[in-house]
Amino acid sequence: MIKVRFAPSPTGRLHLGSARTALFNWLFARGQGGKVVLRIEDTDPARSSREHEESILEDLRWLGLDWDEGPDVGGPCGPYRQSERGGIYREHASRLLDSGKAYPCYCTPDELEEGKRRALAEGRTPVYGGACRNLSPRERREREAEGRKPALRFRVPEGEVAFQDLLHGYVRFPPGAVGDFIILRSDGSAGFNFSVVVDDAVMGITHVIRGEDHLANTARHVLLFDALGYQPPLYLHHSLLLGPDGSKMSKRHGATTVREYREAGYLPTALANYLATLSWSPPEGREVLALDELVRLFDIGDLSSSPTVFDRARLDWLNGKHLRRLDKDELFALAAEFAPGWARHPRFPLMVESVLDNLTTLSELPRYLEPYGEPVTPTETAAEWLHGEAARRILEKALELVESTPLVSLDGCREVIGSLKQAFVDRDIKAKEILMPLRVALTGREHGPPLPHLLFVLGAKECAARIRAALAGEAGKPARPL
Ligand code: GLU
């Protein structure tokens, strides 16, 4: 049975890159009928918090992901927060200590820093120099007598470290590239690499899918698996998400967290669709995909190892597509959230639908709905449409039409616009020249929703009043508060 994990560190909001990793794991597991574990990697107490954990879980759920085991749902391999698994790590560490595969290290942070500095100055890889590697029992006792509390360090075997990666093939680290590393800190807490390996082992994780930035950690992980006598999982290190300038996606490239996109009016299905197709190409012509379609089509074997550059324009395009695919009730509920000032309008659904084709994100909705509100004083260019004899005749005709039609159905309003065009069609005027004076008279603007929708929402009386005002050279003044 395939079993994967998401292993977020709760040190901030869910980053797009981590969401992408979670998504790859989830799509792979769900596509194969496998299980998903959510594990909180909160071994850094100074940077981790419960608030961050909750916000990450909320954002993962918002994206549509779920898990079979985790801190919120429980499961047979709990607890699912690393901060609560100290006993399991210490027990595993003792096994390594007892078999000589780990040793106590008494070096102080200053001594370690000095060793690193020297290695760098001499052009060597800054790995642990091995000062405590072969201490005799007497030397250990001496250090302990000085009051030094040891950390526990893993004794890295001599030679090359290599492992198979499902995307990169055979990955090799030359002898000396991996130095002895800490598995238990002097305060008894587990080091990052050690807790990850113990958990992946005892939780029965079969596939570890994570970013390329973990490749060097994986070298340590396979050594630990071997030392502990566990079978390592299969690894796949996917490419990292880069900003448009080619550096790792970060704050200076703009919004980087899932929450920011959620609040900016992006849909979870669009964001998931976007993130999943960043280094995986769906079959020709199937770009716009809901989560269940992604599960069906996604193939982890088709991931590309090339760098992945974040492309906001493509995300916007996908979001527009997903918005237009939304179930209507869901669309109107979300629209009400993003345009609360309009939501109580009796024609709200019709208004939303009238601008749907223009929308990229839901947060643009209030701006697109503005023409349904108070008219504005036209700019000089917009006012041009109201000048001249032709404009006057068009507006007079429009006035006559709206005064003689009740405008109680959208079709009725379409007919009004049709009749207006019809009335001038023989006079060699373009449709735009017929309709612009009316649009500017009604809203003061040159752009906005379709005219039939405007007529319908504003109603006959208000339309007549605004056209009259425009004819009197007073466009932009509302006849009555809306
Ligand atoms: N907790 C790690 C992170 O947030 C992930 C570790 C892993 O996937 O092995 O980067």
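Start at 1 and go down the list; that is how both ligands and their atoms are numbered.
- Inter-residue side-chain proximity for Glu69 and Lys3 is flagged as met; some heavy-atom pair is nearer than 4.5 Å.
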**Message:** Apply side chain to side chain donor-acceptor pair (under 3.5 Å) to residues Ser189 and Asp187 and explain how you reach the verdict.
**Reply:** CA-CA 6 Å; Ser189 65; Asp187 65 3; 2.7 Å; yes
**Message:** Please determine whether salt bridge (Lys or Arg N to Asp or Glu O under 4.0 Å) holds for the pair Arg117 and Glu113, giving the CA-CA distance in whole Å, both sets of side-chain angles, and the decisive distance to 0.1 Å.
**Reply:** CA-CA 6 Å; Arg117 214 185 41 74; Glu113 200 45 50; over 6 Å; no
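- Counting the atoms of ligand 1 from 1 in the order shown, those under 4.0 Å from a heavy atom of Arg5 are 7 (C), 8 (O), 9 (O).
- Residue, atom and distance of the protein heavy atom nearest to atom 10 (O) of ligand 1 are His214 NE2, 3.4 Å.
- The atoms of ligand 1 that sit less than 4.0 Å from any heavy atom of Val196 are 9 (O).
- Evaluated by nearest non-hydrogen atom to atom 9 (O) of ligand 1, the leading choice among Arg210, His15, Glu41 is Arg210.
- In this structure, the ring of Phe181 has its center no less than 6.0 angstrom from the ring center of Phe194.
- Here Lys251 pairs with Glu260 in a salt bridge; the nearest charged N to carboxylate O distance falls below 4.0 Å.
- Between Leu224 and Asn193, the closest heavy-atom pair is CD1-O, 4.0 Å.
- Looking at atom 4 (O) of ligand 1, its nearest protein heavy atom turns out to be Ser9 OG, 3.3 Å.
- The contact set between ligand 1 and Phe192, taken as ligand atoms under 4.0 Å from a residue heavy atom, comprises 6 (C).
- Residue Ala7 has at least one N or O atom closer than 3.5 Å to an N or O atom of ligand 1.
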